[in-house]
Amino acid sequence: MESEQTTPETGISDRYHPKQVETKTYAWWESQNYFQAADQSTKPPFSVILPPPNVTGSLHMGHALNHSIQDLMIRWKRMSGFNALWLPGTDHAGIATQTVVEKELKKKNLNRKTLGREKFVEQIWDWKNLYGERIFEQMRRLGDSCDWNRKVFTLDEGVSRAVKKVFVSLHKKGLIYRGKRLVNWSWPLESAISDLEVEHKNIKGTLFHIQYPLADQSGFLTIATTRPETLLGDTAICVHPEDIRYQGFIGKEVIVPLTTRKIKVIADNAVDPQFGTGALKITPGHDFNDFKVGKTHQLELINILEKNGTLNENAGVYKGLSIQEARKKVVEDLKKLNLLVKEEPHPHSVGHCQRSGAVVEPFLSEQWFLKMDRLAVPAKHVVENGTVRFEPESWVKVYLHWLNNLEDWCVSRQLWWGHRIPAWTCSDCGNIQVSENDVSYCEKCRSANMKQDEDVLDTWFSSALWPFSTMGWPQDTETQKTFYPTSFLVTGHDILFFWVARMIMMGLEFKKDVPFRTVYFNGIVRDSKGQKMSKSVGNVLDPLDLIEKYGADSLRLSLLAHISAGRDLKISEPRIEGYRNFMNKLWNASRFVFQNCTDFDLANFKLQKSNLNSFDQAIIEKLGKCLTTVDKSLHDLRFADASQALYHFVWHEYCDWYLEFSKSNLKSSEKQTTQYILLIVLEKVLRAFHPMIPFITEELYQMHPMKTGACIIAEYPKVQNDREFFKLGTENAETEVDLIKEVITAVRNIRGENRLSPALKLKIRVGISDEKTQKIISENRSVIMSLARLDEMNLGEVGELKKCAVSAVSVKDLTAQVIIPLEGLVDFEEEIKRMQKAIEKCEKDISLLSQKLSNPKFLENADEEVVEVDKQLLTNSQKQIVALREGLTRFR
RNA sequence: AGGGGCAUAGCUCAGUUGGUAGAGCGCCACCCUUACAAGGUGGAUGUCAUCGGUUCGAGCCCGGUUGCCCCUACCA
């Protein structure tokens with residue numbers, strides 16, 4: 001049975017309900033314009049551009065991770081006095097979007113070809129206007145604090161202008177050129193794709209050995225191929241020049257099977273004599289290597305394919321067949337002619353189109369290319385010299401290696417959705433004009449028959465300009481002056497080449513400065529078994545479901561608390577549940593504080609340093625250390641460390657101990673001081689935790705009597721900014737409190753090990769041999785008695801140990817023995833075991849430490865501090881073992 | 001083939017100048033102790049993959065081996 005309790009005085013529920021908080025809070029932040037950054041400000045700038053999600057996209061776990069990091073950084077910087085801009089936008093995602101809309105059309109029995117370009121593009125726009133910003137709504141659920149007023153779409157007019165300008169400028173510089181080349185062709189898309197869009201997959205293929213009859217009928221030459229149908233485009237046979245088997249064949253002619261064409265046998269080093277038969281058929285029109293060989297030997301180039309992947313008239317009777325069909329047919333026909341001499345299984349890797357999944361065919365066509373070598377040089381430098389920092393650094397090598405081995409980038413796509421290439425061809429004289437503005441007549445022949453290029457640009461072309469095209473470039477805007485270069489980029493390493501490298505090149509070329517200072521590579525979110533999440537496997541976790549179930553903060557923290565740069569992250573529901581429990585813990589701790597502080601008079605309270613007890617000083621000390629760790633971790637981009645430090649402080653320092661100590665202090669004359677410390681520590685924690693878990697912290701902050709406005713724009717707590725307060729914390733108090741905790745833990749331990757009921761109040765004795773310890777224990781008698789559940793505690797000599805459990809505690813130079821008479825309470829066997837174990841541990845320590853300390857080389861070489869610590873440990877262990885042994889003998 | 005990464009408690013992972021192995025989850029036991037059972041208290045569990053080297057001292061540094069993962073390129 002679950003029952004919902006609320007506190008009458010405060011009306012706060014005893015469980016945290018994220019749903020009741022999140023939407024309301026987000027709407028409030030947005031209405032107050034808290035996410036807005038200013039183009040001009042006296043504050044230092046901090047800017048992040050959102051890697052633009054596809055308009056077809058919906059929020060997945062990858063986004064959740066990536067955005068949690070960005071939002072953490074933005075909120076942290078915003079609270080730390082920066083003019084923080086998180087600039088959102090979406091990507092038109094050429095192929096992806098076109099595919100989605102085509103599918104929609106298919107349902108209505110339409111297709112893009114019958115619709116025509118103009119109508120089809122209209123349809124896509126309609127679709128985009130309907131669904132294109134769905135992901136922004138989902139981002140709001142996560143809590144992303146983007147400056148929504150600045151949202152950009154890659155096909156917006158401003159961005160389009162930037163794209164045209166860059167294209168024209170690169171063309172003028174001779175970096176963009178048109179060329180007829182072999183490209184990776186995706187026949188379902190009927191478009192070229194870039195090298196990066198080709199995915200290599202290992203498949204089980206077949207190696208066919210095929211005989212080519214010599215033209216002089218003196219015999220055969222046998223070649224091996226995995227793609228027999230391409231023989232229809234063969235224009236040579238090639239062997240290695242030093243291959244003795246084939247010396248007699250070089251220069252002769254063979255007949256291409258199934259045709260009447262005669263082709264030459266040539267020699268080239270490109271052939272590996274070890275592979276297959278050592279003879280290679282050359283098909284320059286359909287193979288990248290053959291294309292090169294064809295070029296050096298000036299071979300004819302035969303194209304046997306149509307754009308849609310069927311064979312053309314050059315394939316003779318095979319015309320109209322698909323590649324697969326043709327392959328089957330060719331093999332059959334070769335068999336009939338007894339020209340197929342061998343088929344062997346041959347595993348090899350084949351390029352597939354990343355988008356459509358089809359096998360990529362090398363295909364000769366006219367495309368636009370961007371020369372990369374010149375752009376790559378400065379892009380290498382800025383990463384080498386650290387102007388752009390990669391985190392983790394290991395990606396630098398990968399990046400440089402790629403830039404050193406660059407092919408030119410095929411930037412044209414035979415699609416309809418995207419930035420149309422700003423180039424016009426004269427139908428009369430063939431002149432090509434590239435221009436930012438529409439071209440109406442030919443500059444060469446004055447003809448008005450100018451036709452714009454049908455192709456659009458690769459989506460990544462506009463993405464490469466994103467850091468400045470979103471800020472109004474090519475116009476000279478204040479936004480750019482303030483926020484370019486951006487401060488921080490968070491992205492997956494899968495788009496290091498697609499996007500990051502190209503942004504660096506374009507930024508340097510057109511803004512003369514890097515696009516960002518730091519790139520943080522987040523890993524991939526995997527399922528609990530380490531598998532990639534995929535629909536077909538059915539292991540996809542939907543962030544929106546998780547938010548619905550556990551709240552956005554739980555999701556964010558479970559991601560943030562476990563990331564380390566560049567490493568993949570396994571996530572499962574039980575983990576998120578754990579962080580949901582933490583939210584509840586924080587909620588209830590706050591509830592406790594608010595309940596107990598309803599009578600606290602903040603306005604008239606004046607903190608007296610002398611009123612602070614050890615617990616107060618110790619918790620301030622711990623909080624200071626925690627905040628220092630958080631600050632350092634965030635600067636070092638160690639988000640997990642920062643999150644865990646706060647998590648640990650809240651649960652295991654503040655809740656487990658300070659709150660418990662406060663219960664008796666709230667009844668004492670120090671009540672007001674305790675209330676104040678309870679409140680102020682919580683208030684700082686809420687602010688410090690806000691960037692990771694914004695919703696719950698804002699909600700609790702709004703209930704907090706010390707709030708000033710909104711948590712989201714409150715100052716981020718830092719020890720340096722609050723020296724007066726943190727000076728109140730002391731190491732001495734921390735040590736004292738640690739000793740008190742140890743004593744309490746010792747009693748609980750004996751109780752637990754001996755299965756003594758928590759309800760049973762115990763009588764104990766604490767053996768003490770120094771005044772300092774004596775003072776601490778006696779001053780905190782009531783707290784110890786209450787938390788250890790005692791009804792009697794005597795201090796003094798160790799005394800009589802007959803039938804007593806003994807536990808020795810020590811913190812730094814403070815030591816004590818906790819002695820509990822167990823006569824009549826327990827089965828002694830358990831207690832004997834416990835004490836024997838403790839003695840064994842002591843013995844082990846003593847032997848290890850004394851061995852170390854008697855080694856002269858250790859004393860010589862080790863740091864003084866290390867030696868001191870070890871000496872202290874040894875002394876303590878020696879003291880402890882005496883009492884334990886004594887106790888054990890008296891037990892029997 | 002080249003490059004990179006990983007191997008630590010049953011699971012997921014920390015462990016940043018080398019100084020006696022940690023957390024969370026899970027597990028076991030006892031507890032509705034007036035913030036929280038989405039909780040409290042206590043407990044068990046590791047030849048830190050393997051071999052060798054450097055060192056007074058190695059989870060950490062160096063070299064070899066094994067196993068898994070990723071990237072780039074090629075595979076007629």
Side-chain angles (χ1 to χ4, degrees), chain A residues 2 5 7 12 14-16 200 205 207-208 223-227 230 238 270-272 275-283 287-290 346-350 392 394-395 397-398 401-402 405 493-494 496-497 524 528-530 550 558 561-562 564 566-572 574-575 577-596 636 638 640-641 644 647-648 652 655-656 659-660 663 744-745 748-759 786-787 789 834 844-845 848-849 852 855-863 865-867 869-870 873:
Chain A
E2 290 189 15
Q5 305 282 323
T7 307
I12 308 173
D14 71 344
R15 285 192 189 177
Y16 173 55
H200 290 271
L207 192 58
F208 298 92
I223 58 90
T225 180
T226 54
R227 296 158 70 206
T230 61
C238 190
V271 178
D272 173 9
F275 189 91
T277 64
L280 169 66
K281 68 190 227 25
I282 303 294
T283 322
D287 184 282
F288 289 103
N289 284 325
D290 293 6
H346 180 66
H348 62 141
S349 93
V350 176
S394 54
W395 289 105
K397 261 192 171 176
V398 180
H401 181 262
W402 186 72
N405 298 278
H493 53 72
D494 50 333
L496 170 61
F497 307 138
I524 298 168
S528 57
K529 292 175 199 144
Y550 304 105
S558 54
H562 289 275
S564 65
R567 286 192 58 172
D568 290 351
L569 177 74
K570 289 177 201 166
I571 193 92
S572 59
R575 172 170 291 172
E577 207 178 306
Y579 286 95
R580 188 271 319 262
N581 294 354
F582 173 76
M583 299 307 150
N584 204 47
K585 188 77 181 172
L586 176 60
W587 181 262
N588 274 298
S590 305
R591 192 164 70 107
F592 171 85
V593 173
F594 297 152
Q595 273 171 21
N596 283 287
D636 295 345
R638 298 176 62 97
D641 288 1
Q644 284 173 13
Y647 177 100
H648 181 265
H652 300 300
C655 293
D656 283 356
L659 246 57
E660 294 303 327
K663 285 176 183 171
I744 295 166
T745 305
R748 286 172 173 173
N749 174 299
I750 292 167
R751 195 192 281 276
E753 293 281 274
N754 289 292
R755 314 256 155 86
L756 292 172
S757 157
S786 123
L787 291 187
R789 305 185 68 78
R834 190 192 66 82
K844 200 183 126 201
D845 287 354
L848 240 140
L849 289 163
K852 220 163 147 185
N855 182 344
K857 286 197 176 169
F858 171 70
L859 298 173
E860 220 173 280
N861 295 321
D863 287 348
E865 275 176 50
V866 174
V867 177
V869 168
D870 282 356
L873 282 172

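Every chain is numbered from 1 and lettered A, B, ... according to where its sequence line falls, protein lines coming before strand lines.
Computed from coordinates, the A:Asn596 CG to B:A35 P distance equals 7 Å when rounded to whole Å. Protein atom OH of A:Tyr647 is 17 Å distant from nucleotide atom P of B:C13, rounded to whole Å. In this structure, A:Asn855 places its CG atom 17 Å from P of B:G19, rounding to the nearest Å.
A gap of 37 Å separates the C1' atoms of B:G18 and B:U41, to the nearest Å. Between the P atoms of B:A29 and B:C71, the separation comes to 46 Å (whole Å). With both ends at atom P, the span from B:A7 to B:G15 equals 10 Å, rounded to whole Å. Comparing B:U65 with B:C70, their P atoms sit 22 Å apart, to the nearest whole Å. One C1' atom belongs to B:G40, the other to B:G46, and the distance between them is 28 Å to the nearest Å. B:U8 and B:C60 have their P atoms separated by 14 Å, with the value rounded to a whole Å.
Within 4.0 Å (heavy atoms only), A:Cys238 reaches no atom of the nucleic acid at all. A:Leu496 comes within 4.0 angstrom of nothing in the nucleic acid, heavy atoms only. Nucleic acid contact class of A:Leu659 (heavy atoms, under 4.0 Å, all strands): base.
You won't find any donor-acceptor pair under 3.5 Å spanning the side chain of A:Arg755 and the base of B:A29, going by distance alone. Evaluation of atom-type donor-acceptor distances gives no pair under 3.5 Å for the side chain of A:Glu753 against the base of B:A44.
Annotation: the span from A:Asp641 atom CG to A:Asp636 atom CG amounts to 8.5 Å, rounded to 0.5 Å.
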(request) Dot-bracket for RNA chain B, please, read 5' to 3', with Watson-Crick or G-U wobble pairs under 3.5 Å on both distances, ( ) within the strand, [ ] crossing, | other strand, . unpaired. (result) ((((((((.[[[[.)...(..]]]].(((((.......))))).....[[[[[..)....]]]]])))))))....
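Between the side chains of A:Thr283 and A:Lys281, at least one donor N or O sits under 3.5 Å from an acceptor N or O.
Side-chain atoms of A:Leu586 and A:Tyr16, non-hydrogen and from C-beta on, never get closer than 4.5 Å to each other.
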